[in-house]
Amino acid sequence: MNLAYLTGNRAAIADAVPSLVQLLGTNSSPEVQKNAAGVLYNLAQNADHNVKIAAACAIPPLVQLLGPGSTAGVQQYAAGALGTLAQINDNAVAIAAAGAIPPLVQLLGPGSDDVPTEFAALKALGHNNATNIAAIAAAGASADVDVLEEMERLGVYDDDEE
């Protein structure tokens, strides 16, 4: 995961995206899943790699990793990867369609260890996407944390448009 953090290494590591996606599966240990999600999180910061990761069908397994069967560390890195992938509009639509919004909102609830990662993912999903903003509200985000208010403050969401 640390090697992928260094920008110069990302191009070489990007060739391993299909293998990294396989490591997200249930046959892998939580530590392996966390590391694979972390590498994808770092790689997705490059727009070309972001597209490559989505094309490798990484979104559904990343969404699965948000669920209650995953450790908090796995959930954190999966949320981070999804949030970074969501910076591309087509990916944001695909991530929402894969069911990521309800578990992300749930992870914002009481007892969350890393709200900023989940908030950033929801913010990216809602950016210029009224359908996703409505889904975030429907999932109860404003009841758990004032996500919609913060999105409005950041200029991502305008409550007056509804």
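Hydrogens, waters and symmetry mates are skipped; everything else that's a heavy atom, side chains included, is used. The first residue of the sequence shown is numbered 1, and numbering continues consecutively from there.
Note: Tyr77 OH to Thr71 OG1 = 10.5 Å, rounded to the nearest 0.5 Å. A distance of 9.5 Å separates CD1 of Ile133 from NE2 of His127, quoted to the nearest 0.5 Å.
Residue pairs meeting the salt bridge (Lys or Arg N to Asp or Glu O under 4.0 Å) criterion with at least one partner in residues 35-51, sequence neighbours excluded, are absent. Within the structure, the salt bridge (Lys or Arg N to Asp or Glu O under 4.0 Å) test picks out the following pairs touching residues 50-68 (sequence neighbours left out): Asp15-Lys52. Within the structure, side chain to side chain donor-acceptor pair (under 3.5 Å) contacts touching residues 81-93 (residues at least two apart or in different chains) are Asn50-Asn91. The side chain to side chain donor-acceptor pair (under 3.5 Å) analysis of residues 18-27, with sequence neighbours excluded, yields no pairs.
Using a distance-only test at 3.5 Å, with no hydrogens or angles considered, a donor-acceptor pair links the side chain of Gln75 to the main chain of Leu66. A side-chain donor-acceptor contact under 3.5 Å links Gln33 to the backbone of Gly25.
Side-chain atoms of Leu20 and Leu43, non-hydrogen and from C-beta on, do get closer than 4.5 Å to each other.
Scanning all heavy atoms of the two residues, the minimum distance from Ile53 to Ala44 falls at CD1-N, 3.7 Å.
For the side-chain contact (heavy atoms from CB on, under 4.5 Å) test, residues two or more places apart in sequence or in another chain that qualify with Pro61 are Val21, Leu24. For Glu31, the side-chain contact (heavy atoms from CB on, under 4.5 Å) criterion is met by Ser29, Lys34, Asn35, not counting sequence neighbours.
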